Amino acid sequence: MSFPLLTATAALPAIGAIATAAVPAARRTAAKWLALLFSLATLVLAGVALARFEPGGARYQLTESHAWIKDFGVRYELGVDGIGVALMALTALLIPFVILAGWHDADPLETKSSRWRPTQGFFALILMVEAMVILSFEATDVFLFYILFEAMLIPMYFLIGGFGDRAHTGSDENAAAQRSYAAVKFLLYNLVGGLIMLAAVIGLYVVAGTFSLSEIAEARANGSLSMATSTERWLFLGFFFAFAVKAPLWPLHTWLPNAMGEATSPVAVLITAVVDKVGTFAMLRFCLQLFPEASKWATPAILVLALISIVYGALLAVGQRDIKRLIAYASISHFGFIILGIFAMTSQGQSGATLYMVNHGISTAALMLVAGFLITRRGSRLIADYGGVQKVAPVLAGTFLIGGLATLSLPGLSPFVSEFLVLVGTFSAYPAAGIVATIGIVLAALYVLVLYQRTMTGPVKAGVQGMADLKARELVVVLPLIALLIFLGVYPKPLTEIVNPAVQHTLSDVQKKDPQPEVEAAK
């Protein structure tokens, strides 16, 4: 039997979570280093999986399959395509930076509302989320995926509600109430979506007799699986609703600004750069593959919702006074671009959407983590409390600017490639949608540059005087992310070669081809 690489990649952070939680309470520093070492080891295994993946090979590679719950036909089946392996690598890459950035976020505080902040629990929960997210990118059994899709809500709930942002303008009691509200809202929204998905998962089993993606695909190919049009559409809606909540897509997005605003900055990165990607990934793997006819049927409505997300999220970002909520609404706009690219159902659109998932994860991590370092120094999330930071902390201001420029998709940085492909792919199939989506680009430039101008330029405000620049640990967090933004912006080929074959498989599932350009005959 070959080495179960995919299982090991997901199991290692889970083992690390247990080991970190078991560290004695007084040895907080040891717990931090242990969590970091396990995250780095996971990154190594993810790198091995990425290196062993053959872009021109089988659709699902490094596969594993074992009987799990025989009476219900549930199997422990794993496999990665180009999209799954890229997102798995992204997750493994970001977690060490999340841990380093949150190095002191769970240290004990002597405040009335938070006398005990278990460091071991904080880092153990982060590793547990990593394990579940990685395994969800690998799962090719629908029921196994559903279990992971729901289970990851539990550690995220405690990370949001139990380890909130210390830079809160109100009283300690108000801060605790806001954290609890954000955590409960996150949990309820996603639980409702998951329960609706559970009904659809059961319905799929009744129709197909299996939860295995490979068996369902084989049954479709040989004609042994027939699904009534109405049944397929209802099942599609059940899956899509859950994924749209997780993504998040307007109007199911309202939990995200609360969760990101009240969570610590590293946990906010975990939410939008890691966990939310499961929603958009699942649209590609499950919605389009399992329900091709229903996916095409729902495309016009989904494109409209995606366009609303793009414009609405950007408009609300422009009007924000809170730095973290501004980044949250910007992410809603960016997820609109991702979903737009997926349902444009062109090779450029879906390649761009997949690249967007990866590049958005890197750019949002860079911007949010630098913003977190800034907020920690000043003790406030309000934009109005800042000014002149570039004069006292030029490196912090410079890295903040690069993260912001990546967020607005400046040419030369990796998000530009993604956004360009999404717009090209959308415009070739739906010109009107492509034109409307460009409004999001204009608004992104507005909210990013205004944010930088108000916080980093101008006179040095009283609370900013004496602000320290980035320290060595913080530079270790930020500089590799910036280097990746530049590298993939200049040379995206390594990533496109991995994801493009998977995109072609997805388009084949829905029997879609790229529209041919109209060329007028020469007179």
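Bear in mind the structure is a predicted one, so any value in this text is a computation, not a measurement.
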Donor-acceptor pair, distance only, cut-off 3.5 Å: does the side chain of [X] make one with the backbone of [Y]?
X      : Y      : answer
Asn359 : Ser414 : yes
Lys324 : Ala263 : yes
Glu138 : Gly84  : no
Glu64  : Thr7   : yes
Thr364 : Gly361 : no
Lys246 : Phe149 : yes
Arg377 : Ala468 : yes
Gln320 : Leu316 : yes
Arg378 : Tyr386 : no
Ser333 : Tyr329 : no

Over 60° means perpendicular and under 30° means parallel, so classify the ring planes of [Y] and [X], tilted if in between.
X      : Y      : value
Tyr356 : His334 : tilted
Trp33  : Trp103 : perpendicular
Phe240 : Phe343 : perpendicular
Phe143 : Phe211 : tilted

Output field: ring centroids Trp255/Phe186 closer than 6.0 Å: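 Yes.
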
Would you say [X] and [Y] make side-chain contact, with heavy atoms under 4.5 Å?
X      : Y      : result
Thr140 : Leu78  : no
Phe400 : Leu367 : yes
Ile362 : Leu488 : yes
Asp141 : Trp68  : no
Arg285 : Ile83  : no
Leu326 : Ile383 : yes
Leu62  : Val85  : no
Ser214 : Tyr60  : no

How long is the straight-line distance from [atom2] of [Y] back to [atom1] of [X], given to the nearest 0.5 Å?
X      : Y      : atom1 : atom2 : value
Leu288 : Ile342 : CG    : CD1   : 7.5 Å
Leu135 : Leu144 : CG    : CG    : 5.5 Å
Thr91  : Leu43  : OG1   : CG    : 11.0 Å
Ile95  : Phe38  : CD1   : CZ    : 15.0 Å
Asp385 : Arg381 : CG    : CZ    : 11.5 Å
Gln289 : His505 : CD    : NE2   : 10.0 Å

Derivation and outcome, side-chain hydrogen bond (donor to acceptor under 3.5 Å, both in side chains), residues Glu130 and Ser39: CA-CA 9 Å; Glu130 178 183 22; Ser39 69; 5.8 Å; no

Reference residue Ile332; test side chain to side chain contact (heavy atoms under 4.5 Å, CB included); the match among Asp276, Leu249, Leu256, Thr254: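 Running side chain to side chain contact (heavy atoms under 4.5 Å, CB included) over Asp276, Leu249, Leu256, Thr254 with Ile332 returns exactly one hit, Leu256.
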
For Pro415, the option from Leu485, Leu410, Val358, Leu408 that meets side chain to side chain contact (heavy atoms under 4.5 Å, CB included):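 Output: one option passes, namely Leu485.
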
Qualifying residues under side-chain contact (heavy atoms from CB on, under 4.5 Å), relative to Ala35, sequence neighbours excluded: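 Only Thr20, Ile99, Phe123, Leu127 meet the side-chain contact (heavy atoms from CB on, under 4.5 Å) criterion with Ala35.
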
Pair Lys185-Glu262, salt bridge (charged side-chain N to carboxylate O under 4.0 Å, His left out): steps then yes or no: CA-CA 12 Å; Lys185 189 173 184 179; Glu262 298 305 323; over 6 Å; no

Criterion ring-ring contact (aromatic ring centres under 6.0 Å, His included) against Phe145, the qualifying member of Phe286, Phe137, Tyr76: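 Of all the options given, the one that passes is Phe286.
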
All pairs passing side-chain hydrogen bond (donor to acceptor under 3.5 Å, both in side chains) where residues 481-491 contributes a residue, at least two apart: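 Those involving residues 481-491 do not exist here.
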
Enclosure of Arg52 CZ (heavy-atom neighbours >12, cutoff 6.0 Å):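 Incorrect, the count does not exceed 12.
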
